[in-house]
Protein chains: 2
Amino acid sequence: MPAKRNTNASSKGSTSKRDRILDVAEKLFAEHGYDGVTLRQIASGAKVDVALASYHFGKKLDLFNAVFERRSAYLNEARHEALRRVQEEAGTAGPTVEQIIEAFLRPLELAQETGDDGWRHYLALVAYINNSPYWGRRMMSKMFDSLVNEFIDALRQALPGASDTDLYWCYHNMSGALTLTLADTGRIDALSGGLCSSSDFEAAYDHMIPFMAAGFRKICGS
Amino acid sequence: MPAKRNTNASSKGSTSKRDRILDVAEKLFAEHGYDGVTLRQIASGAKVDVALASYHFGKKLDLFNAVFERRSAYLNEARHEALRRVQEEAGTAGPTVEQIIEAFLRPLELAQETGDDGWRHYLALVAYINNSPYWGRRMMSKMFDSLVNEFIDALRQALPGASDTDLYWCYHNMSGALTLTLADTGRIDALSGGLCSSSDFEAAYDHMIPFMAAGFRKICGS
DNA sequence: CAACAATTTCAACAACTGTTGAAATGCTGC
DNA sequence: GCAGCATTTCAACAGTTGTTGAAATTGTTG
């Protein structure tokens, strides 16, 4: 019953039913949360029988985890690589705060780069999880702590003399702003009367990078 | 059936069952979201029959709204009053960016001031709603837009020459950091190894106020 | 006390939930 | 063709959901 893991071999023109389930689940989980979505809604959206989700993924929670993990490795690698690159270019002096934050954020633009709505939904799901008292601790830590600590280490080096307490609070501020951006609630659109678009990640990061860098510098000296 | 609105007259020592329902619903909705909580869980937590929630509030969604609205007027008034006060003290020159942000955030400390867990749960619920694509637009706007616009107006005055686009993006950053703080996920606790506590709003705002002020100044000139 | 209304419980409803075993279909190599 | 496997559907299950009408209780007012 547990279904042998599909090796994703045949990437034919029409996406497989298994992938359609993941796509629809990704979108619905991001919008309504884990409990706000039923397997029947997912199956219906994917034009598939209800039992198929259980066949491929097992329990509902397993499907949720599968959705979360599908893109996490790629995303982690892209961000890790972006940090590695600016560190290499900067040499012994090390990258600036702006460069580190840029490496932390820019890879997340792949959503609109590829024009793939899946990435946008996935990042909204990450925001949902990160902001949730219930899911936040148990899912985000395993998946992203290693990467986050790399960035905090880089920031510690770029801001000599900063206390760890200050560094973590500053990271917390940046993480919150990022989370709300990824959540893609459309609230900034309404509030600004259309001046800002919550799905325009590029504009968001254009403002966020210098904003956060100034905040880090203010709190963490230098 | 719709239940005549209790005028909240008798604030006896033991809280009424109606209030207990609101308290438990507040806590559970904040933790698990609207769909993650059943009326039976709420009734059980409040040591009350299931039907009582329907009697007092009607549908489940009406209870959700009642929880959200119970404290919103008081909270709005406290923040509005805090802004009015710094504006009065500052005179014609107008308050500084720090003072405005302080007025925006400090009233939210009433959670730990009063030692009342209810406020902490309520603010976590606001965070849940604000970060949700589904609830964010339809619930936050009605309730908080008026207040938010007051603060943005004040910031526009404190930052002459700033474009509205920049102002809204900066507010978006601050709102995100605040939302993650209110969500109280405990993630910063784990990440910092105990150096930072996500339920210590005072420490959070001590760092957030100068951090955000520096960001606003960086993006919005002056 | 009685009369009345507000509150609370009880019991039950139809609808929906996740899950599963068995049957049906499709695909690949002989 | 046919055997063997993975995939997909069908049908049904036991449990839970929000909701409601009627009964029971409590509180108030005369």
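Letters A, B, ... mirror the listed sequences (proteins, then strands); counts begin at 1.
Rounded to an integer number of Å, the gap from Ile21(B) CD1 to dT19(D) P is 14 Å. Rounded to whole Å, atom P of dT17(C) lies 15 Å from atom CG of Leu63(A). Following rounding to the nearest Å, Arg20(B) (CZ) and dT7(C) (P) show an atom-to-atom distance of 15 Å. Look at CZ on Phe64(A): it is 16 Å from C1' on dG18(C), rounded to the nearest Å. When rounded to the nearest whole Å, the span between OH of Tyr34(B) and P of dT17(D) equals 13 Å. Atoms CG (Asp62(A)) and P (dT19(C)) sit 8 Å apart, rounded to a whole Å. Computed from coordinates, the Asp49(A) CG to dG26(C) P distance equals 15 Å when rounded to whole Å.
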Residues 205-212 of chain A side chain polar contacts: donor-acceptor under 3.5 Å, at least two apart:
from, atom 1, to, atom 2, distance (Å)
Asp206(A), OD1, Arg106(A), NH1, 3.3
Asp206(A), OD1, Arg106(A), NH2, 2.6
His207(A), ND1, Ala203(A), O, 2.9
His207(A), NE2, Asp166(B), OD1, 2.7

Show the atom names and distances, to 0.1 Å, of all donor-acceptor pairs under 3.5 Å that link a side chain in residues 43-52 of chain A to residues at least two apart or in another chain.
from, atom 1, to, atom 2, distance (Å)
Asp49(A), OD2, Ala51(A), N, 2.9

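Within the structure, every side-chain polar atom (N or O) of Tyr55(A) is placed at least 4.0 Å from both OP1 and OP2 of dT8(D). For dA6(D), neither phosphate oxygen OP1 nor OP2 lies less than 4.0 angstrom from any side-chain nitrogen or oxygen of His56(A). For dT17(D), neither phosphate oxygen OP1 nor OP2 lies less than 4.0 angstrom from any side-chain nitrogen or oxygen of Lys60(B).
Applying the side chain to side chain donor-acceptor pair (under 3.5 Å) rule to Thr185(B) yields no partners; only residues at least two apart in sequence or on another chain are considered.
The rotation axes computed at either terminus of the helix from dC1(C)-dG30(D) to dC30(C)-dG1(D) lie 10° apart, taking five pairs at each end and rounding to 10 degrees.
Taking the six-membered ring where the residue is Trp, Phe151(B) and Phe104(B) present perpendicular rings, their angle passing 60° and hence far from 30°.
Closest approach to the Ala51(A) side chain among dC10(C), dT9(D), dT19(C) is made by dT9(D) (side chain taken as heavy atoms from C-beta onward). Nearest nucleotide to the Lys59(B) side chain, out of dC10(D), dT20(D), dT9(C): dT20(D).
The 5' end of DNA chain D is approached more closely, in terms of each residue's nearest nucleotide, by Leu52(A) than by the other of Leu52(A) and Leu61(B).
Note that CD1 of Ile21(B) is 11.0 Å distant from OH of Tyr55(B), once rounded to the nearest 0.5 Å.
Screening residues 173-196 of chain B for ring-ring contact (aromatic ring centres under 6.0 Å, His included) gives no qualifying pairs among residues at least two apart or on separate chains.
Stacking of Arg70(B) on the aromatic ring of Phe68(B) is not recorded, the 6.0 Å distance cut-off and the 45° axial limit not both being met. Geometrically, Lys60(B) engages Tyr34(B) in a cation-pi contact defined by less than 6.0 Å to the ring centre and at most 45° from the axis.
Aromatic ring centres of Tyr128(A) and Phe29(A): separated by at least 6.0 Å.
Taking every heavy atom of residues 37-47 of chain B and every atom of DNA chain D, pairs under 4.0 Å involve Val37(B), Thr38(B), Leu39(B), Arg40(B), by number.
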